[in-house]
Amino acid sequence: MSTTRQQPPGDRGSEPHGATASSGVPGGAVRRLALGSASGIVPLARDFTRQALYDWGWLPAATADRRAAAEDVLLVVSELVTNACLHAEGPEELKVGCDGKVLRLEVSDRGTGQPAPRTPHRAGRPGGHGMFIVQRLCMDWGVVRVPGAPGKTVWAELAAPS
């Protein structure tokens, strides 16, 4: 799976240290968080994403479906960042983008491996569920590599709540 898609445009606002935002066309937003030298990377990535969801109106959730959509996003962030920590020499950057219909998560790392759901999936066994969870919760996901450059970006897209 090596597809690329156009990135959602940027957003304005104050960002935590190591985070950036950029402005773009109305209705779209992108936020970036440098993770390379951070400690507590997974909770940091979840907190960063949760704040974006608040800023973009996903939270606080008015219904159970909207709450579930936000929790799915936070779970996918956790799985992508954890996967980069365990299998890809650590994450370099988290990018969260939303265009009003689709939320796109991207985790860049220096690893050479190819993430994939374990086959066959073994529900009763510990570990190995990360990419299976991503596959089940997301509309689509994939890996982007730049020829001649180290690492990759693993991306996942989830539908915005209606």
Side-chain angles (χ1 to χ4, degrees), residues 1-16 18-33 35 38 40-87 91 93-109 115-144 153-162:
M1 209 179 263
S2 269
T3 60
T4 58
R5 297 200 177 160
Q6 185 174 352
Q7 299 303 310
D11 184 22
R12 293 178 289 282
S14 62
E15 298 295 332
T20 60
S22 57
S23 60
V25 298
V30 172
R31 299 203 177 169
R32 297 171 183 263
L33 178 65
L35 295 170
I41 289 176
V42 175
L44 179 66
R46 283 178 63 92
D47 290 346
F48 176 80
T49 304
R50 183 180 292 110
Q51 184 60 54
L53 295 178
Y54 271 103
D55 293 347
W56 297 337
W58 285 50
L59 293 171
T63 66
D65 286 345
R66 292 180 71 84
R67 191 168 31 262
E71 288 300 320
D72 287 352
V73 169
L74 297 175
L75 178 56
V76 171
V77 164
S78 294
E79 294 300 337
L80 293 177
V81 172
T82 297
N83 211 37
C85 289
L86 295 175
H87 306 293
E93 181 182 59
L94 167 64
K95 186 159 77 169
V96 182
C98 186
D99 67 4
K101 295 179 183 176
V102 174
L103 185 126
R104 183 174 171 118
L105 304 167
E106 297 183 8
V107 176
S108 299
D109 63 53
R118 285 200 183 154
T119 305
H121 180 252
R122 312 240 347 232
R125 301 279 207 178
H129 304 288
M131 294 312 294
F132 179 78
I133 290 169
V134 170
Q135 178 179 307
R136 295 286 296 205
L137 293 178
C138 296
M139 298 180 338
D140 201 4
W141 72 276
V143 177
V144 176
T153 297
V154 181
W155 59 268
E157 294 179 336
L158 297 97
S162 50

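Residue F48 comes nearest to L94 through the heavy atom pair CD2-CD2, 3.8 Å, listed as atom of the first residue, atom of the second, then distance. In terms of heavy-atom proximity, L103 sits nearest to L105 at CD2-CD2, 3.5 Å. Of all heavy-atom pairs between V73 and W58, the closest is CG2-CZ3, 3.6 Å. Pairing each heavy atom of A160 with each of G100, the nearest pair is CB-O, 3.4 Å. Residues P60 and Y54 come closest through the heavy atom pair N-CE2, 3.6 Å.
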Side chains of residues 61-70: which donor-acceptor pairs under 3.5 Å do they make with residues two or more places apart or in other chains?
from: T63; atom 1: OG1; to: R66; atom 2: N; distance (Å): 3.1
from: R66; atom 1: NH1; to: S162; atom 2: O; distance (Å): 3.2
from: R66; atom 1: NH2; to: G57; atom 2: O; distance (Å): 3.3

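In this structure, CZ on R136 lies 14.5 Å from CE on M131, to the nearest 0.5 angstrom. If you take CG on L33 and CG on L44, they are separated by 5.0 Å, rounding to the nearest 0.5 Å. Between L35 atom CG and C85 atom SG the span is 8.0 Å, to the nearest 0.5 Å.
Ion pair E93/K95 not flagged as a salt bridge, since none of the NZ, NE, NH1 or NH2 atoms sits closer than 4.0 Å to an Asp/Glu carboxylate oxygen. Looking at D99 and R104, no side-chain N of the basic residue comes within less than 4.0 Å of a carboxylate O on the acidic one, giving no salt bridge.
Evaluation of the side chain to side chain donor-acceptor pair (under 3.5 Å) rule for T49 yields no partner, not counting sequence neighbours. Taking the side chain to side chain contact (heavy atoms under 4.5 Å, CB included) definition, one finds that A156 meets it with V76, L80, V134, C138, W141, sequence neighbours left out.
A 4.5 Å side-chain heavy-atom check between S108 and P91 finds every atom pair outside the cut-off. V96 is not listed as a side-chain neighbour of V30, based on a closest heavy-atom distance of 4.5 Å or more. Considering only heavy atoms from C-beta on, V143 stays 4.5 Å or farther from T153 through its side chain.
Sorted by first and then second residue, the pairs that involve residues 43-53 and meet salt bridge (Lys or Arg N to Asp or Glu O under 4.0 Å), not counting sequence neighbours, are D47-R50.
Between E79 and N83, the side chains place no donor N or O within less than 3.5 Å of an acceptor N or O (distance only, hydrogens not considered).
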